[in-house]
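Below: the structure, in structure tokens.
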Amino acid sequence: MQWMTVLTAVAHTALLIFVIGVIYRLARWLRASSSTNFRAQGLSFGEWVKVIANVFLDLVFMRKVFRSDEVFGTVVWLMHMVVLVLLVGHLRAFGVWSAEAIGEGPRWLFLGLIPTALGWLLFFLLLFLFVRRVRLTPARSMLTLGDVVLYALLLSGVLCGNLMRLLPTSHEAFQWRIFPWLTLSLEHAPNLAAFSLHVVLLSALLAYLPFSPLVHIFSGIVSSILHYKWRLQVAKYSLGGVSLEEEERSFT
Amino acid sequence: MKRKSEALPKRYHVLNLDTCMRCTLCANICPTYIASGDLKVAPASRIKLIKSFMEGKGENLTRELCTEAFRCTLCGRCMESCPFSIRTVDLWYLLRYYTCKAGKRPETLDSFEERLLSNRNPYGADSSLRTYWAEMLGISDPSGLTPRKAKVVLFMGCTPAYRSVAQDTLGAAVALLNKLKESWTTLGNDEWCCGCPLLMLGNREAAAEFARHNVEAVKAVDASVLVTICATCYKMFKLEYEELLGGPLPFKVLHLTELLSKYVTELN
């Protein structure tokens with residue numbers, strides 16, 4: 001079918017742009033100068049555990065966001081968790097996991113009601129976050145066209161995904177060979193218009209990701225690790241050792 | 001040629017700027033923004049300014065807009081509230097650096113800097129009066145106040161040296177060092193400001209020049225330890241000098257309390 005060819009081309013192009021975007025971002029970061037860090041001592045295993053634990057608390061449990069604003073923290077945390085669950089759910093279509101373990105009885109719940117409810121929850125959580133951006137004065141002042149595009153893609157992509165579940169499906173199985181190594185298989189063909197829009201919008205999102213604030217998915221982890229590593233190194237350097245007999249270091 | 005390690009921005013600056021999600025949790029906690037309600041002073045606005053400079057659009061910014069870079073108290077609350085722990089304070093220093101280079105600092109700061117550069121202290125006081133505090137306190141044994149070869153340099157700091165509010169602390173430091181029979185000296189009138197005000201003004205080159213001078217002065221007295229009573233001077237020597245000078249310092253840096261702690265441990 002021609003439209004499947006078009007969808008495949010869209011997916012390929014999106015992935016290519018994504019890869020180029022990631023390379024561009026990495027090049028931008030690496031092109032800048034490195035920090036002089038003569039005091040940098042390697043961290044011990046225990047110290048790395050402390051770093052990772054703090055990063056985990058900040059990024060997975062959104063510790064700092066909760067501290068600053070409990071409502072915002074709840075919404076943001078919930079949104080991220082729902083995205084994670086839905087992404088894991090999508091992997092079933094790519095054969096990463098199977099629902100065979102789920103009995104016929106509870107299938108309607110775990111493969112039907114819950115994902116559908118989560119999809120709508122995600123939509124309204126994203127909407128809340130966008131409205132917050134527009135309503136709060138400091139956030140509104142920072143709003144860029146890029147942010148609006150991002151929210152537009154997110155909201156419309158999620159909406160189309162939700163519509164796929166609402167609109168009638170066919171009883172026929174559906175397969176889409178995206179790449180030679182990646183095939184999407186669905187037990188029932190979805191509403192093809194909603195499906196196509198969902199693919200196009202989220203492919204556009206994937207392509208835009210490295211150029212958008214969504215780059216925080218990767219850079220946020222690095223930023224957090226660098227901060228806690230730096231704090232430990234400064235503490236070690238500042239507080240460690242008061243020996244007056246330390247050998248003079250050469251100054252070059 | 002500028003070393004790659006001395007060039008700005010650094011990698012983590014660029015990474016941090018790209019990571020900013022503009023959640024504006026930093027604005028909720030910024031004391032200046034909370035007090036003034038002025039959007040121009042919110043951390044989010046400073047992020048926009050830095051990005052403008054980095055994208056080469058600094059010429060389009062007015063002096064009035066760039067002044068906002070200096071209304072920040074550098075308290076660091078924004079850094080603590082940031083979900084990604086973006087080192088915002090370092091970004092604010094970077095912004096001041098760009099503003100300084102572009103010649104768009106407030107004029108009052110330009111004249112302040114002029115006095116600092118000529119007198120080597122932020123108070124505009126005569127540099128030859130740097131050890132006058134000892135006379136004012138009636139210190140009977142002034143040896144050590146004139147530079148001599150010694151193991152420990154007591155870095156006086158501008159505020160303790162020129163301001164009565166902290167001179168007692170200097171006097172106490174001298175008394176303690178004498179009591180402990182430590183081999184110590186000051187840099188006398190050859191001591192320059194640690195350079196922190198220059199860094200805060202965005203003038204990294206001048207801060208590096210001051211750092212270079214102070215390090216050479218310490219080397220000239222063959223000291224292996226530099227002790228300071230001032231937290232700002234301590235921070236400069238401990239955390240900034242290596243970055244400014246592109247190399248490790250040839251002496252250890254201690255706060256007076258750390259030195260005393262060492263002695264207490266040894267005595268026990």
Side-chain angles (χ1 to χ4, degrees), chain A residues 25 28-39 54-55 58-59 62-65 67-69 72-73 76 133 136-139 141-144 147 213-216 218-228 230-231 234 237-239 241-252, chain B residues 3-16 18-29 33 37 39 42-45 47-48 79-87 151-152 215 219 224-225 234 238-239 242-252 254 258-259 261-262 265:
Chain A
R25 278 288 183 195
R28 219 171 93 86
W29 295 336
L30 293 172
R31 210 169 43 223
S33 57
S34 54
S35 271
T36 315
N37 202 356
F38 297 95
R39 60 184 115 79
N54 274 302
V55 171
D58 281 356
L59 299 185
M62 314 243 163
R63 171 176 59 175
K64 286 188 170 187
V65 187
R67 269 189 205 151
S68 299
D69 185 334
F72 181 57
V76 166
R133 282 279 175 117
L136 279 186
T137 311
S141 74
M142 288 290 287
L143 202 62
T144 63
D147 294 332
L214 278 185
V215 79
H216 79 275
F218 314 110
S219 63
I221 301 172
V222 178
S223 178
S224 206
I225 290 173
L226 284 178
H227 173 74
Y228 285 108
W230 168 76
R231 266 172 55 154
V234 166
Y237 179 68
S238 301
L239 301 174
V242 286
S243 164
L244 292 173
E245 282 75 47
E246 193 177 270
E247 210 178 306
E248 186 176 355
R249 285 175 284 172
S250 62
F251 177 70
T252 52
Chain B
R3 289 186 219 209
K4 198 170 174 4
S5 60
E6 293 167 4
L8 288 174
K10 304 279 183 197
R11 281 177 197 161
Y12 75 90
H13 288 138
V14 185
L15 179 92
N16 281 351
D18 286 347
T19 303
C20 176
M21 271 296 288
R22 300 183 273 281
C23 65
T24 63
L25 288 178
C26 50
N28 294 347
I29 206 113
Y33 175 67
L39 210 52
S45 300
I47 294 276
K48 276 167 85 170
M79 189 162 74
E80 291 307 313
S81 74
C82 177
F84 301 110
S85 301
I86 290 171
R87 282 167 53 182
K151 192 162 78 172
V152 174
V215 168
K219 281 169 75 180
S224 57
V225 179
Y234 178 73
K238 200 80 175 177
L239 301 181
E242 287 178 354
E243 187 80 38
L244 285 171
L245 300 176
L249 296 182
F251 48 82
K252 196 163 182 69
L254 296 174
E258 290 181 295
L259 183 71
S261 166
K262 164 75 176 162
T265 310

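Order of the sequence lines fixes the chain letters, A, B, ..., with proteins taken first and strands second; residue numbering starts at 1 for each chain. Since the structure is predicted, the reported quantities are computational estimates derived from the model, not experimental observations.
Residue contact with chain B, scored on non-hydrogen atoms closer than 4.5 Å, involves the backbone and the side chain of A:Arg28 alike. Both the backbone and the side chain of B:Arg22 come within contact range of chain A, each with at least one heavy atom under 4.5 Å from a heavy atom of that chain. Contact of B:Ala27 with chain A is made through the side chain alone, with heavy-atom distances under 4.5 Å. Only the side chain of A:Val215 comes within contact range of chain B, judged by heavy atoms closer than 4.5 Å. When heavy atoms are compared at a cutoff of 4.5 Å, A:Met62 does not approach chain B at all.
Taking A:Asp147, A:Leu214, A:Leu59 one by one and counting their heavy-atom pairs under 4.5 Å with chain B, the maximum is reached by A:Asp147. With chain A as the partner, the residue from B:Leu39, B:Leu25, B:Asp18, B:Asn16 showing the most heavy-atom pairs under 4.5 Å is B:Asp18. For chain A, the option among B:Cys20, B:Cys26, B:Pro43, B:Cys23 with the highest count of heavy-atom pairs below 4.5 Å is B:Cys23. Contacts with chain B were tallied for A:Ser68, A:Ser141, A:Gly73, A:Ser219; A:Ser219 has the most, counting heavy-atom pairs under 4.5 Å. Contact count versus chain B (heavy atoms, under 4.5 Å) is highest, among A:Ser224, A:Pro213, A:Ser223, for A:Ser223.
A:Arg133 places no side-chain N or O within 3.5 Å of a backbone atom of A:Ala139 that could act as its donor or acceptor partner.
One finds the OG1 atom of B:Thr19 at 10.0 Å from the CD1 atom of A:Ile221 (value rounded to the nearest 0.5 Å). For the atom pair OG of B:Ser81 and CG of B:Asn28, the computed distance is 7.5 Å after rounding to the nearest 0.5 Å. Between B:Leu15 atom CG and A:Leu30 atom CG the span is 10.0 Å, to the nearest 0.5 Å.
Side-chain contact check for B:Leu249 versus B:Lys238: every heavy-atom pair is 4.5 Å or farther apart. Counting heavy atoms from C-beta outward, A:Val222 and B:Tyr12 have side chains that stay 4.5 Å or more apart. The shortest distance between side-chain heavy atoms of A:Phe218 and A:Arg25 does not fall below 4.5 Å.
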